[in-house]
Every structure is written in structure tokens, then in C-alpha cells.
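Okay, structure first, notes after.
Numbers for residues simply follow the sequence, beginning at 1.
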Amino acid sequence: MTEISAASLEARKRIRTDQPHTARIWNYWLGGKDNYPVDQAAGDQIRKLHPGIGDYALADRQFLGRAVRYLAGQCGIRQFLDIGTGLPTADNTHEVAQRVAPESRVVYVDNDPIVLAHAEALLTSTPEGSTAYLDEDLRNIDEIFEQAAKTLDFGKPVALVLLGVVIFIEDDGEAYGVVRRLMDRLPSGSHLVLSHTITRPDMPDVDAAVAFWNENGTPKLTQRTPGAVSRFFEGLELLEPGVVSCNRWRPDEGSGEVPAEVAMFGGVARKL
């Protein structure tokens, strides 16, 4: 049995199925099967409070795909450090990147036993590339880089992917500091891909949904304004169109209509 298999089996013993969990609810909204009745019930209740919640779960996932395709295709990035991975679903980071460039190398990082239990689904790879999974907290930067260096070459540009993960750090100073410290460890030419739920006066149903979640689920979420989300990219070259609703970040060509905003904002920036 491999090390990850043993850890996966041990992680399954720690999973609580009597309490809703954000990763499983997200999986439910995306049409996945790695969730339980308690997650479905909470997800349905949140959807009643905020009917558009499923739309921004999907928007976030599609933003990941477009950002990774752009970085691998247009920017020549061949290394990705995806922290706060979440449960595996369709078009994970390595699948998108290796579809463009089979030699791409991806390291996933998460500290959730639910994700660890399903981590082997993230470890498929093209023969030319490589994937790895680390069971680490976002804040354990030294440990992450020490282990990730077995797969990634930190002397070359890396795309740091932080989708919907800094929302779990309540203190603003700590949240900005963690992102800054992560980017400080990466060389010039590296990129930051980040998304975050927002709070705004014209979106009261989002606040109600988050309040319900924080009273009933785990882990707790912290919303930030669009301006506060933009601060995560300070000191970097923010790519067009800036920090916007995830479904408005370089949308695929379609009807030509501007997609309706969702309460998940994101952006991509380059380290000079």
C-alpha cells in the first residue's frame, strides 16, 4: 500500500458525516457525489437564502479552468502549486494544465481529511508530467515549500492557485501576510490565481447565506469587499480585466452577452 493510500484510509476514519462541511456542499452544488444527506440539506437551505449560490460555485470552477489554460498556453507556465484544493471534480488543475502542456507539474495542498480521503484522484498524471498531494495547512509555508520542492523547481516560475481558501482566515493581516509570504518565495515570472467570496450592499442574500453557514457548518467563512480582495494582488502586475466576478474573467466566446455578476470574485497577477 502506498503512503497516500494509507493516509487516505486513516483520513476516512476522521470524517464526520453528522455535520455539514463546506467542501462536500461545494461538491454537491457542482453535481458531485462525494457528499452526504447532511450536506445536501444544508446546501439546499443555503440555496433558498441565496438562489445563485450554485452559479458562483460553477463560476469559480470555470475560472480555474480558464486561468490555468491561459497560464499554460499563453504564459508558458509549467508548474502549479494549488493550495486549498478541495474535493476532486472534473477538470482539476493538472488535467487542464497537462491538456495544454503534458509536461506540467502540479502539487496540490489541503489540510482537510475529506480531501485527503479522495486525494488519489488528484494523482493521475501524464507520463511527461507529475502530480503530488500534500496534507498541510495553508499557513505552514516552510513545510509546504520543503515538500513541494520534491516535485517543483522553485528556481523557475510557478503559478500559485488559491481558490476560495483565504476566506477561511478571519484576520485580515494574517490573510494578506500569508499570501505575500507565499509569493515572496516564488521567482519572477510566477503568477497568483486567487478567488474569494465578496460582501456588497446590493448582495444581502449572500450575507444571509454566509451567516447561516457560519452558524451551522464548518469551517467558518470570512467575506471581504471587492476592494479588500484586490489587496491580495498588491505589488504584482494585475492582468486584465483585473479583479472581477469569476464568470467575467476572460469568459469563453459565446453569445457575446456579459454574464451576470456572481459573489465570487477573482483575478490573476504576475510577479515582476
Side-chain angles (χ1 to χ4, degrees), residues 1-11 14 23 64 67-68 71-72 75-88 92-98 101 103-169 171 173-194 219 232-233 235-236 268-272:
M1 180 179 293
T2 64
E3 181 178 346
I4 193 71
S5 296
S8 175
L9 289 174
E10 183 60 32
R14 311 200 318 261
L64 170 68
V68 171
L71 292 174
C75 302
I77 298 295
R78 296 293 180 265
Q79 304 188 108
F80 296 82
L81 180 59
D82 186 338
I83 305 179
T85 302
L87 283 169
N92 300 296
T93 298
H94 74 282
E95 294 169 322
V96 178
Q98 291 178 351
E103 69 274 23
S104 297
R105 307 173 74 82
V106 179
V107 173
Y108 294 103
V109 183
D110 209 301
N111 70 334
D112 192 327
I114 294 171
V115 179
L116 176 57
H118 296 271
E120 288 182 332
L122 297 169
L123 299 181
T124 58
S125 175
T126 58
E128 304 93 327
S130 180
T131 63
Y133 179 86
L134 306 180
D135 183 25
E136 282 290 352
D137 186 277
L138 168 67
R139 301 169 182 84
N140 296 339
I141 295 172
D142 290 342
E143 290 81 356
I144 288 173
F145 275 81
E146 179 180 352
Q147 295 300 314
K150 298 176 183 178
T151 302
L152 306 178
D153 178 357
F154 287 113
K156 298 179 180 179
V158 175
L160 173 64
V161 180
L162 299 172
L163 293 197
V165 62
V166 290
I167 60 176
F168 300 120
I169 302 179
D171 181 79
E174 183 181 14
Y176 294 126
V178 165
V179 175
R180 191 175 306 112
R181 287 168 56 207
L182 286 165
M183 289 304 299
D184 283 347
R185 298 284 289 265
L186 299 178
S188 297
S190 294
H191 287 72
L192 170 65
V193 182
L194 183 145
F232 286 107
F233 298 93
L236 305 173
V268 179
R270 179 176 181 269
K271 181 175 180 179
L272 299 176

Rounded to the nearest 0.5 Å, what's the gap from [atom1] on [X] to [atom2] on [Y]? Could you check?
X    : Y    : atom1 : atom2 : result
E95  : S104 : CD    : OG    : 12.5 Å
M183 : F233 : CE    : CZ    : 9.5 Å
L152 : R78  : CG    : CZ    : 14.0 Å

Taking side chain as C-beta onward, heavy atoms only, is [X] less than 4.5 Å from [Y]?
X    : Y    : value
V161 : L64  : yes
L182 : L138 : yes
L71  : F80  : yes

Task: Which residues share a side chain to side chain donor-acceptor pair (under 3.5 Å) with R105, sequence neighbours left out - done: none
Locate the shortest heavy-atom distance separating [X] from [Y]; write the atom from each residue and the value.
X    : Y    : value
I77  : P157 : CD1-CB, 3.8 Å
T93  : Y108 : N-OH, 3.2 Å
V165 : G84  : CG2-CA, 3.8 Å
A148 : L81  : CB-CD1, 4.3 Å
R139 : E174 : NE-OE2, 2.8 Å

Task: E103 side chain vs E128 backbone, donor-acceptor pair below 3.5 Å - done: no
Task: Side chain Q98, main chain S125, donor-acceptor under 3.5 Å - done: no
Enumerate, atom names and distances included, each donor-acceptor pair closer than 3.5 Å involving a side-chain atom of residues 184-194, sequence neighbours excluded.
from	atom 1	to	atom 2	distance (Å)
R185	NH1	D142	OD1	2.9
S188	OG	L272	O	2.9
S190	OG	V158	N	3.0
S190	OG	V158	O	3.3
S190	OG	P187	O	2.8
H191	ND1	G189	O	3.1

- [ ] Please name all residues satisfying side-chain contact (heavy atoms from CB on, under 4.5 Å) with E146, sequence neighbours left out, ordered by chain then number.
- [x]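 None.
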Task: Option among V109, N140, D110, I83 that satisfies the side chain to side chain contact (heavy atoms under 4.5 Å, CB included) test with L134 - done: V109
Open item on the list: Within the 3.5 Å criterion, strictly below it, is a donor on H94 or T124 matched to an acceptor on the partner's side chain?
Closed with: yes
